[in-house]
**Q** 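A single structure is presented below for examination.
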Amino acid sequence: MIKLRNIHKTYDNGTPLHVLKGLDLDVGKGEMIAIMGQSGSGKSTLLNILGILDNYDEGSYMLDGKLIKNLTENEAAMLRNEKMGFIFQSFNLISYKNAVENVALPLYYRGVSRRQRNNMAMELLDKLGLADWAGHKPNEMSGGQKQRVAIARALITSPLLILADEPTGALDSVTSQEVMDLLKDVNKNMGITIVCVTHERSIAEQTGRVVHIKDGLVDEGAY
Ligand code: ADP
Ligand code: MG
């Protein structure tokens with residue numbers, strides 16, 4: 001599903017910062033992996049490359065058999081909408097939209113009618129036990145509820161891949177576990193590939209495989 005070879009990424013805002021230094025990574029279809037590493041080690045940088053939210057400088061990224069390189073913003077946006085769902089630590093829900101509207105939004109970009117996208121969003125919220133929150137805006141929900149709405153938004157397009165950047169980072173341990181249980185369920189029962197960045201070992205260990213990043217490379221010796 002994902003094949004990264006010799007990926008390099010340097011940020012250059014005055015002083016160049018070489019963050020990824022020839023990183024290789026393979027993720028199979030239906031796998032759920034965790035990416036761990038110290039703060040500043042390049043976890044988000046890697047996830048942004050996987051999500052085609054940022055470019056890399058050198059190497060190759062194959063996603064679902066397609067080379068992801070030098071795409072236009074439009075091509076990248078289409079691939080993201082077609083193949084991926086995103087989950088962030090800070091939920092990134094739209095504050096003036098209610099849960100149904102937030103979940104339905106990716107379908108708007110696919111040209112699905114309002115009525116149909118709201119029906120689909122409602123059905124998914126119901127399936128995730130969030131039907132009672134459908135009409136509520138983010139500021140009326142708990143962190144765990146917001147993250148489950150964000151997961152619904154990631155799922156609404158039936159993606160191949162979910163990319164999660166510290167999805168439990170803003171949640172207490174009980175709520176974190178609920179979110180992890182939902183992600184594991186999505187992986188197992190829907191077969192969706194999941195790449196989850198976390199700095200918590202207890203979260204990482206619940207996935208099928210833990211990949212450590214150190215000094216810009218995958219640290220094969222880490223456990
Ligand atoms: P992590 O998610 O592992 O904490 P990041 O991938 O966010 O690490 O960042 C890796 C390094 O790159 C850090 O030193 C960070 O300050 C730097 N960095 C991240 N994004 C940018 C950017 N857009 N411009 C310049 N430096 C950046
Ligand atoms: Mg990060």
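Order of appearance sets the numbers: ligands from 1, and atoms from 1 within every ligand.
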**Q** Under 4.0 Å from a heavy atom of Val19: which atoms of ligand 1 are those, numbered in the order shown and with their elements?
**A** 10 (C), 11 (C), 12 (O)
**Q** When you measure from the heavy atoms of Gly37 to every atom of ligand 1, does any distance fall below 4.0 Å?
**A** no
**Q** N/O of Gly40 under 3.5 Å from N/O of ligand 1, yes or no?
**A** yes
**Q** Which bit of Leu17 gets closer than 4.0 Å to ligand 1, counting heavy atoms only: side chain, backbone, both or neither?
**A** side chain
**Q** Between atom CD1 of Ile52 and atom CD1 of Ile68, what is the distance when rounded to the nearest 0.5 Å?
**A** 4.0 Å
**Q** Atom CG in Asn119, atom CZ in Arg114: separation rounded to 0.5 Å?
**A** 12.5 Å
**Q** State the OG1-CD distance between Thr168 and Gln206, to the nearest 0.5 angstrom.
**A** 9.0 Å
**Q** Minimum heavy-atom separation for Leu130 and Val149, please, with both atom names.
**A** CD1-N, 3.9 Å
**Q** How far is atom 24 (N) of ligand 1 from the closest protein heavy atom, and which atom is that?
**A** Asn13 ND2, 3.1 Å
**Q** For atom 2 (O) of ligand 1, which of Ser39, Gly216, Gly42, Ser44 has the closest heavy atom?
**A** Ser44
**Q** Does a donor on one side chain sit under 3.5 Å from an acceptor on the other, for Thr175 and Asp172?
**A** yes
**Q** Supply the atom-to-atom distance Ile162 CD1 to Ile194 CD1, rounded to the nearest 0.5 angstrom.
**A** 5.0 Å
**Q** Please state whether the separation between the Mg ion (ligand 2) and some N/O/S atom of Ser39 is under 2.8 Å?
**A** no
**Q** I need the atoms of ligand 1 closer than 4.0 Å to a non-hydrogen atom of Gln38, numbered in the order shown.
**A** 3 (O)
**Q** Less than 4.0 Å between atom 16 (O) of ligand 1 and some protein heavy atom, yes or no?
**A** no
**Q** Tell me which one of Leu47, Leu20, Ile35, Thr45 gets a heavy atom nearest to atom 6 (O) of ligand 1.
**A** Thr45
**Q** Near Lys214 NZ, under 6.0 Å, is it more than 12 heavy atoms from other residues, nucleotides or ligands?
**A** no
**Q** If you round to the nearest 0.5 Å, how far is CG of Leu17 from OH of Tyr11?
**A** 8.5 Å
**Q** For atom 23 (N) of ligand 1, which protein heavy atom lies nearest, and how many Å away is it?
**A** Tyr11 CE2, 3.6 Å
